[in-house]
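Here is the naming used below: chain letters follow the sequence lines, and residue numbers restart at 1 for every chain.
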There are 2 protein chains.
Amino acid sequence: MNALKVETKEKIIEVAHEVFLEKGLQGARMQEIADKAGINKALLHYYFRSKESLFDAVFEKVIEEVIPEFSKKLQPSSKLEEVIRSFVEFYNNFFQENPQFPQFFFHEIWQNPDKLATFIKGQKNIKPDDIVNNIKKRLPPFYESDYLPQHMISNVMGMCLFPHIARPLFQRIFFGNDEEKYDHFLSERTDFLLTMLAGIELENKDQITDEPEEDF
Amino acid sequence: MNALKVETKEKIIEVAHEVFLEKGLQGARMQEIADKAGINKALLHYYFRSKESLFDAVFEKVIEEVIPEFSKKLQPSSKLEEVIRSFVEFYNNFFQENPQFPQFFFHEIWQNPDKLATFIKGQKNIKPDDIVNNIKKRLPPFYESDYLPQHMISNVMGMCLFPHIARPLFQRIFFGNDEEKYDHFLSERTDFLLTMLAGIELENKDQITDEPEEDF
DNA sequence: AAAATAATTAACCAAATGGTTAAATTATTT
DNA sequence: AAATAATTTAACCATTTGGTTAATTATTTT
């Protein structure tokens, strides 16, 4: 009558994912995870030796799902415009489906930077140097050539991230805490960002012939 | 009167501030705070009934220090350019001096949105409607007029915030975990943002005719 | 200086929490 | 069907942790 090994384990990871995302590593309670998974706390430790190891399993799974999707968008082959477009689309989409993710992610990154950074760097799909170089070659003129390409990454990521990570406050202060209005704001935003970014690029289009060489 | 009392209490708040910022409400330990303040745990509870009340005291103090500074930058009287300039300068400055603040802030905002949002909304210096209206009136043309002014706020805040909140990861991935390089990146960024934002605005300046053009 | 009040401590306490043990139940293999 | 292995549970356990008590030491007040 009872669930098979695999099913139970997956149920645990699934529900642990929820709880960890909501409460963080410290805030999460093993009892709550066990309860929500409909099992005994001892069984939880049967499948995962410790809270940490459960957390690792959850985190690994999340990252392993996100990173490939993420890095697909950053192929050096594609044009910068394309990269930005698909990046913005994906990022906004993902956050809308996983609202607490940013908060959780950055919290844990600060609590345990080395562990998580090492883990993420371990993902072979991501090649930071390639990304930076790809951007460097294609920077639109208004990104002053003396500045680091990392500024552009920060810009795009920051603009995508902010309304999601700041939601609880931002929604209350600027949207009268109206969920629907905020959701509308968020869906509108992908469009807005792409329009805006394209607009800025287009204004300088005449100067770009192919791949402007800039030295940094 | 009780010179000691004040000193102890302030010492507690000071050290609690550190610990809470680093570990968050859940992660912080009363014992650690007591130790670092060089006092007994019982004395900690003598001054602050509970962990929560200590946390509140710390949070209130932080907010009360930041908000006025913050809202000063958002006076509806000043020009949008000025607002952005001083906002970016202040924001970047503050984060450089309080690196863990963003992470801490957003974590707590998500853990207890109502409490903190209510508290922040209680600060009478901040009038969201005024801010939005002020921005609405002065939006540069490339911010499509159909879009909400909140987009612009998200843009500026997001671009300021990102490299700070993402630092542990970003530094490791894109800067070979070199503290100095990252610090340089951060100090360069204020300049970069102002240059970039000014540049974008200037390109549409013909319709506004206000400030002399700078050369980029 | 004595009484009263405030600040501080050592020793406890109860609840919560991550984790364990050993037995029981269920599945699988022989 | 018996033996073996995997899964699940109830009852515990040790530690941690926020919080308390009651006594002690300053500090003010009278």
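Using a 30° and 60° split on the angle between ring planes, B:F106 and A:F162 fall in the perpendicular class, above 60°. In this pair, A:Y91 and A:F95 present their aromatic rings tilted. The plane angle is within the 30 to 60° band.
B:L43 has its CG atom 13 Å from the C1' atom of D:dT25, to the nearest Å. When the C1' atom of C:dA6 is taken as reference, atom NZ of B:K9 falls 13 Å away, rounded to whole Å. Rounded to whole angstrom, the span from the NZ atom of B:K51 across to the C1' atom of C:dA16 amounts to 12 Å. For A:L44 and D:dT7, the CG to P distance is 15 Å, given to the nearest whole Å. For B:H45 and C:dC13, the NE2 to C1' distance is 13 Å, given to the nearest whole Å. One can place CD1 of B:I12 at 11 Å from P of C:dA7, the figure rounded to the nearest angstrom. Here D:dT27 presents its P atom at 11 Å from CD of B:E7, a figure rounded to the nearest Å. Separating the CD1 atom of A:I39 from the P atom of D:dA10 is a distance of 12 Å, rounded to the nearest angstrom.
In terms of polar N and O atoms assigned as donor or acceptor, the side chain of B:K41 comes within less than 3.5 Å of the base of D:dG18 in a complementary pairing.
Residues from residues 28-35 of chain B with heavy atoms under 4.0 angstrom of DNA chain D, sorted by number: B:A28, B:R29, B:M30.
Across all strands shown, C:dT30 forms a Watson-Crick or G-U wobble pair with D:dA1, both key distances being under 3.5 Å.
Put simply, B:Y47 has a side-chain N or O that comes within less than 4.0 Å of OP1 or OP2 on C:dT8. Residue A:T8 has a polar side-chain atom (N or O) positioned under 4.0 Å from OP1 or OP2 of D:dT8. Proximity of B:Y46 to the phosphate of C:dA7: a side-chain N or O atom is located under 4.0 Å from OP1 or OP2.
Donor-acceptor pairing under 3.5 Å is recorded for the side chains of A:Y147 and B:D191.
Within 6.0 Å of the CD atom in B:E64, the count of heavy atoms belonging to other residues, nucleotides or ligands exceeds 12.
When all heavy atoms of B:S187 and B:Q96 are compared, the pair lying nearest together is N-NE2, 3.7 Å. Across all their heavy atoms, A:P163 and A:L186 have their closest contact at CB-CD2, 3.8 Å.
Judged by the 6.0 Å distance and 45° axis criteria, B:K9 is positioned over the aromatic ring of B:F48.
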